[in-house]
There are 2 protein chains.
Amino acid sequence: MLQKKWRMTNQRRVILEELRNSKEHLSADELYMRVKKKLPNVSISTIYRNLEELAEQGLIRKLGPQSIQKRFDANIQPHFHIRCVKCGRIDDVPFSMVSEVSQAIRKTTAMVEKITGYDVLGYHLEFLGICPECRKKEEKKERERNGR
Amino acid sequence: MLQKKWRMTNQRRVILEELRNSKEHLSADELYMRVKKKLPNVSISTIYRNLEELAEQGLIRKLGPQSIQKRFDANIQPHFHIRCVKCGRIDDVPFSMVSEVSQAIRKTTAMVEKITGYDVLGYHLEFLGICPECRKKEEKKERERNGR
DNA sequence: TTATTAATGATAACTATTTGCATTATAGTA
DNA sequence: TACTATAATGCAAATAGTTATCATTAATAA
């Protein structure tokens with residue numbers, strides 16, 4: 001398991017600094033604007049590369065969905081979802097499963113409004129995991145690696 | 001408040017049918033493939049337009065984030081987020097606010113694994129709402145509309 | 001100080017989605 | 001039933017956000 005050497009470049013340092021100094025959660029292009037003020041020659045691809053790299057190292061968190069594709073659901077009854085982090089597949093988590101959770105969330109809403117100043121319209125709860133198919137694939141790969 | 005007339009076209013009907021017949025949550029291009037089998041001349045832009053339209057009418061649900069841009073967070077402590085549906089801005093909901101919720105979620109995890117067959121790795125809870133700035137803008141627009 | 005190679009900047013490519021526009025088809029009316 | 005207004009379509013081009021390529025630069029270990 002040899003590990004890639006890690007270099008703390010000027011760009012990387014400034015990117016991390018700017019992200020840490022900001023109260024908001026910046027998008028790649030917002031961050032690009034800020035870093036540019038310190039390092040006018042920085043490239044947008046350096047921003048993207050470093051965000052990936054820093055997230056992989058656990059120094060920052062990537063928010064939102066891993067897959068950019070939107071998905072659509074004809075079931076408009078309240079229910080939650082579970083998404084496979086490997087393949088992007090989304091399945092249902094029946095509402096009965098999570099009625100306790102949704103009750104807890106509802107109880108918290110007023111407090112969230114007071115603290116954040118937002119009008120809360122709803123929420124989005126999604127479990128993340130590895131779907132049965134992808135787990136099988138993983139296990140197969142594992143066996144092949146060990147087999148020879 | 002005059003309302004746009006709504007026409008049930010062949011394409012629209014098949015799109016809705018295919019979405020309702022599928023157990024999974026389809027992405028636009030997956031749906032495109034299926035609709036194409038019934039209507040070979042259908043265009044991908046018809047799929048997109050109808051998904052938007054049907055979601056607006058409340059006949060289907062759009063899953064995942066409204067904005068496709070990823071955002072990044074240098075705070076790697078556990079906490080939840082609240083996102084503005086108008087402008088895409090993301091703020092923190094402090095962990096203390098939602099410790100009750102996260103406890104309820106943790107208690108449910110084992111059950112979710114059993115039902116869905118997934119290995120659950122984590123979850124993502126995001127409140128949706130309108131941020132103070134956007135609310136102010138909305139109110140201003142409202143006043144202007146009524147004012148004259 | 002030098003050698004290795006990780007990281008960079010510039011640019012092209014790519015993916016998912018949206019838009020413009022001329023044409024077609026639906027629903028309401030004569 | 002035919003006519004009309006306009007919603008919706010198909011196609012192509014445009015766009016947004018992100019990723020890949022590649023020659024060049026610079027950080028680290030010897």
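Below, chains carry the letters A, B, ... as their sequence lines are ordered, and counting in each starts from 1.
Judged purely by atom type and a 3.5 angstrom limit, B/Glu113 uses its side chain to pair as donor or acceptor with the backbone of B/Val120.
Remark: P of C/dA10 and CG of A/Asn41 are 6 Å apart, rounded to the nearest angstrom. The distance between atom CG of A/Leu51 and atom P of C/dT8, rounded to the nearest whole Å, is 11 Å. Between the CG atom of A/Asp29 and the C1' atom of D/dA16 there is a distance of 10 Å, given to the nearest Å. Rounded to whole Å, atom P of C/dT8 lies 9 Å from atom CD of A/Glu53. If you measure from atom CZ of A/Arg12 to atom P of C/dG9, you get 11 Å, rounded to the nearest angstrom. For the pair B/Ile15 CD1 and D/dT9 C1', the computed distance is 11 Å after rounding to whole Å. One interatomic measurement links the two molecules: CD of A/Glu52 to C1' of C/dA7, which rounds to 15 Å at whole-angstrom precision. Separating the CD1 atom of B/Ile47 from the C1' atom of C/dT17 is a distance of 13 Å, rounded to the nearest angstrom.
By the neighbour-count criterion of 12 heavy atoms within 6.0 Å, atom CD of A/Glu100 is sparsely surrounded, having that number or fewer from other residues, nucleotides or ligands.
By the 4.0 Å N-to-carboxylate-O rule, B/Glu53 lies too far from B/Arg49 to be salt-bridged with it.
Within the nucleic acid shown, B/Asn10 has no heavy atom closer than 4.0 Å to any nucleic acid atom. If you check every strand for non-hydrogen atoms under 4.0 Å, A/Arg49 touches a base.
Not counting sequence neighbours, B/Ser99 has no partner by the side-chain hydrogen bond (donor to acceptor under 3.5 Å, both in side chains) test. Evaluation of the side-chain hydrogen bond (donor to acceptor under 3.5 Å, both in side chains) rule for A/Gln11 yields no partner, not counting sequence neighbours.
Between A/Ser45 and C/dG9, a side-chain N or O to OP1/OP2 separation shorter than 4.0 Å is absent. A/Tyr48 has a side-chain polar atom (N or O) that falls below the 4.0 Å cut-off from OP1 or OP2 of D/dT18. For D/dA26, the OP1/OP2 oxygens have no side-chain nitrogen or oxygen of A/Gln11 closer than 4.0 Å.
Each of A/Ile47 and A/Met33 belongs to its own hydrophobic cluster when Ile, Leu, Val, Met, Phe, Trp and Tyr are linked at side-chain heavy-atom distances under 4.5 angstrom.
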Filtered N/O pairs between nucleotides 28-30 of chain D and protein, under 3.5 Å:
from   : atom 1 : to     : atom 2 : distance (Å)
D/dT28 : OP1    : A/Met8 : N      : 3.3

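Projected onto DNA chain C by closest heavy-atom contact, A/Ile44 and A/Asn50 fall at different nucleotides, the more 5' of which corresponds to A/Asn50.
With distances taken from any side-chain atom of B/Val42 to the nucleotides D/dG10, D/dT18, C/dG9, the minimum falls on D/dG10.
Going from atom CG of B/Leu125 over to atom CZ of A/Phe127 covers 9.5 Å, rounded to the nearest 0.5 Å.
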